[in-house]
Amino acid sequence: MQERFRPAIKYFGDIISVGQRLLQGARILGIPVIVTEQYPKGLGSTVQELDLTGVKLVVPKTKFSMVLPEVEAALAEIPGVRSVVLFGVETHVCIQQTALDLIGRGVEVHIVADASSSRSMMDRMFALERLARNGIIITTSEAVLLQLVADKDHPKFKEIQNLIKASAPESGLLSKV
């Protein structure tokens, strides 16, 4: 979610807001976050609204998939990684190619629909349909966060509950899944 995409991506402000919610949840739960930036020299860095404090890795890339040697090495350092959560832009390009690469490596993939978008809602819609047909889980930020704590008795449940008290924006993204 880089600066140059801001004027072109549908509902960009909404996906930034939801992305920040996911990053906060990952920090609370101690979940490693890996960020890639598509050609940052030309497209700019990750937008300032996304607090990348504590992320495991930020990698510049030109390949659309984020499955790069540096990312694979970082994933290999995390014990027991069986699934990943993806969000960002563009759904039909970087998100789709990353998800397909990961599922091809036996990793379960969850795509957060309310934190992922494209310039075209048609491209986004068909990408999400294709991904779902390939066994990729299309979900929402609230569903992911609650799945990660799994129980109201989880020691971090209250902190996650505070994150989701305010619903994610009703942007129109979800009507086009």
Side-chain angles (χ1 to χ4, degrees), residues 1-23 25-26 31-40 42-47 49-50 52 55-72 74-75 81-145 147-148 168-169 171-177:
M1 295 193 222
Q2 295 158 259
E3 203 53 55
R4 246 332 148 66
F5 287 109
R6 190 182 297 271
I9 299 295
K10 302 286 190 218
Y11 306 107
F12 194 77
D14 292 339
I15 66 169
I16 293 300
S17 168
V18 176
Q20 180 56 27
R21 170 194 239 190
L22 292 165
L23 291 171
I31 295 170
V33 174
I34 298 171
V35 176
T36 58
E37 296 176 333
Q38 183 69 26
Y39 185 59
L43 297 173
S45 297
T46 300
V47 296
E49 297 97 316
L50 292 175
L52 300 183
V55 301
K56 183 172 182 64
L57 186 66
V58 177
V59 181
K61 67 182 181 74
T62 55
K63 180 180 174 184
F64 295 130
S65 173
M66 71 181 283
V67 180
L68 305 164
E70 306 95 297
V71 172
E72 289 187 285
L75 286 172
V81 171
R82 294 187 321 268
S83 64
V84 299
V85 175
L86 296 177
F87 63 95
V89 298
E90 285 190 74
T91 306
H92 68 290
V93 185
C94 297
I95 296 293
Q96 178 171 255
Q97 289 185 31
T98 300
L100 293 171
D101 282 351
L102 288 169
I103 206 161
R105 286 166 170 75
V107 177
E108 181 181 78
V109 178
H110 301 253
I111 295 176
V112 184
D114 55 338
S116 301
S117 191
S118 296
R119 288 172 293 124
S120 155
M121 289 295 95
M122 183 177 292
D123 285 332
R124 179 180 181 272
M125 178 186 73
F126 282 106
L128 291 174
E129 284 182 16
R130 175 185 182 198
L131 293 165
R133 281 194 313 270
N134 279 277
I136 291 155
I137 299 157
I138 311 300
T139 189
T140 64
S141 58
E142 184 169 326
V144 163
L145 291 167
Q147 185 173 353
L148 289 167
S171 63
L173 277 173
L174 297 180
S175 65
K176 295 170 179 67
V177 172

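In what follows, every heavy atom counts, from backbone to side chain, and hydrogens, waters and symmetry copies are set aside.
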*With side chain to side chain contact (heavy atoms under 4.5 Å, CB included) as the test, would you mind laying out the steps for L22 and V112 before giving the verdict?*
CA-CA 9 Å; L22 292 165; V112 184; 3.8 Å; yes
*Check the pair R82, V107 against side chain to side chain contact (heavy atoms under 4.5 Å, CB included), reporting the backbone distance first and the verdict last.*
CA-CA 5 Å; R82 294 187 321 268; V107 177; over 6 Å; no
*Assess whether side chain to side chain contact (heavy atoms under 4.5 Å, CB included) is satisfied between M66 and L86, documenting all intermediate values.*
CA-CA 10 Å; M66 71 181 283; L86 296 177; 4.2 Å; yes
*asked:* Is there a side chain to side chain contact (heavy atoms under 4.5 Å, CB included) between F87 and L23? Walk through the geometry before answering.
replied: CA-CA 10 Å; F87 63 95; L23 291 171; 4.3 Å; yes
*Assess whether salt bridge (Lys or Arg N to Asp or Glu O under 4.0 Å) is satisfied between E129 and R124, documenting all intermediate values.*
CA-CA 9 Å; E129 284 182 16; R124 179 180 181 272; over 6 Å; no
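Between S141 and D114, the side chains place a donor N or O and an acceptor N or O closer than 3.5 Å (distance only, hydrogens not considered). With hydrogens and angles left out, the side-chain atoms of H110 and T139 include no donor and acceptor closer than 3.5 Å.
Taking the side-chain contact (heavy atoms from CB on, under 4.5 Å) definition, one finds that A132 meets it with I138, sequence neighbours left out. The side chain to side chain donor-acceptor pair (under 3.5 Å) check on E37 picks up T46, with sequence neighbours excluded. With sequence neighbours excluded, no residue satisfies salt bridge (Lys or Arg N to Asp or Glu O under 4.0 Å) with E70. Remark: K10 engages no residue in a side chain to side chain donor-acceptor pair (under 3.5 Å) (not counting sequence neighbours). With sequence neighbours excluded, the residues satisfying side-chain contact (heavy atoms from CB on, under 4.5 Å) with P32 are K56, I78. R119 meets the salt bridge (Lys or Arg N to Asp or Glu O under 4.0 Å) test with E90; sequence neighbours excluded. Contacts of E142 classified as salt bridge (Lys or Arg N to Asp or Glu O under 4.0 Å), with partners at least two apart in sequence or in another chain: none. By the side chain to side chain donor-acceptor pair (under 3.5 Å) test, K63 pairs with no residue at all, sequence neighbours left out. Scored by the side-chain contact (heavy atoms from CB on, under 4.5 Å) test, F64 finds Q38, V93, C94, Q97 as partners (sequence neighbours excluded). Scored by the side chain to side chain donor-acceptor pair (under 3.5 Å) test, T98 finds no partners at all (sequence neighbours excluded).
Here the CZ-CD distance, from F126 to Q96, works out to 12.0 Å after rounding to the nearest 0.5 Å. Interatomic distance, R21 CZ to I15 CD1, rounded to the nearest 0.5 Å: 14.5 Å.
Contact detail for S116 and I111: the closest heavy-atom pair is OG-CG2, 3.9 Å. A pairwise comparison of heavy atoms in A115 and G19 identifies CB-N, 4.2 Å as the closest pair. Taking every heavy atom of both residues into account, P7 and E3 meet most closely at CD-O, 4.0 Å. For Q2 against F12, the heavy-atom pair with the smallest separation is O-CZ, 3.7 Å. When all heavy atoms are compared, the tightest approach of V33 to A26 is CG2-CB, 3.6 Å. Of all heavy-atom pairs spanning A99 and I136, the tightest one is CB-CD1, 3.6 Å.
A 4.5 Å side-chain heavy-atom check between T91 and D123 finds every atom pair outside the cut-off.
For the pair S118 (side chain) and M121 (backbone), a donor-acceptor distance under 3.5 Å is absent.
Paired with T36 under the rule side chain to side chain contact (heavy atoms under 4.5 Å, CB included), one option of V67, V59, V58 passes, and it is V59.
Pairs engaging residues 91-108 under the salt bridge (charged side-chain N to carboxylate O under 4.0 Å, His left out) rule: E72-R105 [sequence neighbours left out]. Evaluation of the salt bridge (charged side-chain N to carboxylate O under 4.0 Å, His left out) test over residues 131-140, restricted to residues two or more places apart or in two chains, returns none.
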